Amino acid sequence: MSSRLHIYNTLTKQTEEFKPINPPFVGMYLCGPTVYGDPHLGHSRGAVMMDVLFRYLSHLDYKVRYVRNITDVGHLLNDADEGEDKIGKIAKANQVEPMEVAQQYTNAYHNALEQMNVLPPSIEPRASGHIIEQIEMVKEIIKNGFAYESNGSVYFDVLKYAESNDYGKLSGRKIEDLIAGAGEERRSLEGQEEKKNPNDFALWKKATPEHIMKWNSPWSVGFPGWHIECSAMSDKYLGKQFDIHAGGMDLLFPHHESEIAQSSACGCNTPNYWMHNNMITINGQKMAKSLNNGVLIEELFSGNHHLLEQAYSPMTLRFFLLQAHYRSTLDFSNEALQAAEKGYQRLMNAAAKTEGLVSSESSDMDIQAWKDTLYEQMNNDMATPQVIATLFEAAKWINEIDAKNLKITASDKNILHTTFHNFTFQILGLIPEESGNNEALDGVMSLVLDIRKTAKENKDWPTADKIRDGLKDAGIEVMDGKDGSTYKLK
RNA sequence: GGUCGGAUGGCCGAGCGGCUAGGCACGGGUCUGCAAAACCUUUUACACCGGUUCGAAUCCGGUUCCGACCUCCA
């Protein structure tokens, strides 16, 4: 593998060397959440994947502008009899302002990601704050002849576009198949009869009277279609051409395919690299509301879900996500999460030991080769599972050096420490989790452990064991080491 | 139905022509007053049937399962 970053490009279906348009600057865009509900596990995956890319590019000294949007303009509900705004629907049901709903779930999303140590993006634009830009883009598309107005709504003319462009080049679909497949299988969504062709998609939608999220436009009081926001906001903040556009695989079609069409139709260039993360399954089944197995991020952290045997920490989740490659499906189960929890702890224990290692005159391992391997793996389309495996290789060395079974020179130790920490904390974004200790508890525990120490010295085992067992029942685990006892909250 | 992807040891999950991935669990061991924790360590694989090759988990063909998208979705 090359020493330069390569990423898999969904557009070309190949792993390509990453060449920024204007180095050292890099522009990247991630399709963020529609804030009509609390964030679920699926949301965490794309956010963590792009966070690692963001961190790695920054580590490589690129100047990255990372844009991650918030979709707070509702899309059509598929299960409603007539088109209705997701956010508007919830707002009406709860007697609150639509923006109140959007804010609530935006906060929840931020809170979940912050706990997972996901860095905030450089810019986080909201769709509702860019209605004007979206209207301007729609105007441009109409002017160029790729969209038409119909009864106050504006639709993108897919067939017209396909005459001179390849509609389907991203998702691998053929326009003929799309036309053939349309029709009987399609749900009768409102406004289908307004379209020239069933494959045409809305750029602007006229609002029905009961619709509460709506804006004025040259065509009607209404709201933007569901693909236009990303085109408008990426254009505004990243320019006519930018480097990376990412999102979940489920957005490949029609969302991203349509984005490409829109952007091309208004004279904007499309991103050079498209990246898509794969989906999450639970106990081998896809995560879906209909299967009643959807898990919210907060539910995972609290353990409050019928499929969860216990709570799993934010770092356990982050580590778990990183242990699988982002382009593979990832299966959640209690067994797998518990394994991740242990593995994460093992890695953290090793990380804590690196600085205090005693150096020798020689080294028993090739630290430079190990370091090179880490970069090669990261450069190979962010092979985080392999990076983690390589870090575990060093974890074993660290333990052996600590146990005086292996030797390391001072300069190698320095490389080991710096590299281990760079990859674990800076690039993978893992952090040691606080045990929840506080000063008062530390004071109490210090006293209790001191009493137990005295009991042990007097070989008063019943008392020593009573303290240990009693604390265990109270949720505190005592760990006896060579240099005395420590504790942690369970 | 159309398009695309996947089937790896008890579990998760890398690898994608020859070299033990890794983590967890299990077993063995070190440590300990006994434990726990921590650390060390052994074993268990590549869905099935053909083919190509000196050599295939890895390439090709077929079979069987599973999944994703085609409709809001990360």
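Quick caveat: nothing in here was measured; it's all calculated off a predicted structure. For the numbers below, each heavy atom of this structure counts, side chains included, while hydrogens, waters and symmetry mates do not. Chain letters run A, B, ... following the sequence lines, proteins first and then strands; every chain starts at 1.
Contact annotation: side chain of His276(A) to base of A74(B), donor-acceptor pair absent below 3.5 Å.
Using the six-membered ring where Trp is involved, Phe242(A) and Tyr29(A) have ring planes that are tilted, between 30° and 60° apart. Using cut-offs of 30° and 60° for the angle between ring planes, the Tyr167(A) and Phe253(A) rings count as perpendicular.
Partners of Ile212(A) under the side chain to side chain contact (heavy atoms under 4.5 Å, CB included) rule, at least two apart in sequence or in another chain, are Ala91(A), Lys92(A), Pro98(A). Legend: residues meeting side chain to side chain contact (heavy atoms under 4.5 Å, CB included) with Gln115(A), ordered by chain and number and at least two apart, are Asn111(A), Glu298(A), Phe301(A), Pro314(A). Every residue two or more places apart in sequence or in another chain was checked for a salt bridge (Lys or Arg N to Asp or Glu O under 4.0 Å) with Lys396(A), and none qualifies. Met279(A) is linked by a side chain to side chain contact (heavy atoms under 4.5 Å, CB included) to Met249(A), Asp250(A), counting only residues two or more places apart in sequence or in another chain. Applying the side chain to side chain contact (heavy atoms under 4.5 Å, CB included) test to Glu355(A) and every residue at least two apart in sequence or in another chain returns His417(A). Here Asp480(A) pairs with Arg452(A), Lys456(A) under the salt bridge (Lys or Arg N to Asp or Glu O under 4.0 Å) rule; sequence neighbours left out.
Comparing Pro33(A) and Ser171(A) against RNA chain B, the residue whose closest nucleotide sits nearer the 5' end is Ser171(A). Where Gly46(A) and Phe253(A) meet RNA chain B, the nucleotide closest to each residue was compared, and Phe253(A) sits on the side nearer the 5' end.
Here, C24(B) and U43(B) have their C1' atoms 16 Å apart, quoted to the whole Å. Annotation: G18(B) and A35(B) have their P atoms spaced 46 Å apart (nearest Å). The same atom, P, is picked in C48(B) and in U64(B); the two are 16 Å apart, to the nearest Å.
Annotated stems with RNA chain B as a participant read B:1-7 with B:64-70, B:10-12 with B:22-24, B:27-30 with B:38-41, B:47-51 with B:59-63, given as range with range, by first number; only runs of 3 or more Watson-Crick or G-U pairs under 3.5 Å qualify.
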Identify all pairs in which a protein N or O lies below 3.5 Å from an N or O of nucleotides 26-29 of chain B, and state each distance.
none

Please write out the pairs of protein N or O atoms and N or O atoms of nucleotides 30-35 of chain B separated by less than 3.5 Å, giving the distance to one decimal.
residue : atom : partner   : partner atom : Å
G33(B)  : N1   : Asp465(A) : OD1          : 3.0
G33(B)  : N2   : Asp465(A) : OD2          : 3.1
C34(B)  : O2   : Arg468(A) : NH2          : 3.3
C34(B)  : N3   : Arg468(A) : NH1          : 3.0
C34(B)  : N3   : Arg468(A) : NH2          : 3.3
C34(B)  : N4   : Arg468(A) : NH1          : 3.1
A35(B)  : N6   : Asp480(A) : OD2          : 2.8
A35(B)  : N1   : Arg468(A) : NH1          : 3.0
A35(B)  : N3   : Arg468(A) : NH1          : 2.8

Enumerate all atom pairs, one protein N or O and one N or O from nucleotides 11-16 of chain B, separated by less than 3.5 Å.
residue : atom : partner   : partner atom : Å
G13(B)  : OP1  : Asp331(A) : N            : 3.0
G13(B)  : O2'  : Gln323(A) : O            : 3.4
A14(B)  : OP1  : His325(A) : N            : 2.8
A14(B)  : OP1  : Ser328(A) : OG           : 3.0
A14(B)  : O3'  : Gln386(A) : NE2          : 3.4
A14(B)  : O2'  : Gln386(A) : NE2          : 3.3

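Contact annotation for Met249(A): no contact, since no heavy-atom pair falls under 4.0 Å across all strands.
For an aromatic pair to be called close, the ring centres must be under 6.0 Å apart, and His256(A) with Trp274(A) satisfies this.
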Taking distance alone, no hydrogens or angles, what donor-acceptor pairs closer than 3.5 Å link side-chain atoms of residues 384-395 of chain A to residues at least two apart or in another chain?
residue   : atom : partner   : partner atom : Å
Thr384(A) : OG1  : Leu322(A) : O            : 2.7
Thr390(A) : OG1  : Gln377(A) : OE1          : 2.7
Thr390(A) : OG1  : Gln377(A) : NE2          : 3.2
Thr390(A) : OG1  : Gln386(A) : O            : 2.9

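When the side-chain nitrogen and oxygen atoms of Arg346(A) are compared with OP1 and OP2 of G23(B), one or more of them lie within a distance under 4.0 Å. At G22(B), none of the side-chain N or O atoms of Lys396(A) fall inside 4.0 Å of OP1 or OP2 (strictly under the cut-off). OP1 or OP2 of C40(B) lies within a sub-4.0 Å distance of a side-chain N or O belonging to Asn399(A).
No side-chain donor-acceptor contact under 3.5 Å links Thr463(A) and Asp465(A).
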Check: Are Phe425(A) and Phe420(A) close enough, and set up right, to give a ring pair (Phe, Tyr, Trp, His ring centres under 6.0 Å), and what steps lead you there?
Finding: CA-CA 8 Å; Phe425(A) 302 126; Phe420(A) 198 94; 7.8 Å; no

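The stretch residues 103-110 of chain A has no heavy atom under 4.0 angstrom from RNA chain B at all.
Among Thr354(A), Asp364(A), Ile408(A), Ile367(A), the single residue meeting the side-chain contact (heavy atoms from CB on, under 4.5 Å) criterion with Trp397(A) is Ile367(A).
Between C72(B), C40(B), G22(B), one nucleotide has an atom nearer to the side chain of Tyr36(A) than all others, and that is C72(B). Distances from the side chain of Lys342(A) to the nucleotides C39(B), A74(B), C24(B) place C24(B) closest.
Computed from coordinates, the Asp402(A) CG to A38(B) P distance equals 14 Å when rounded to whole Å.
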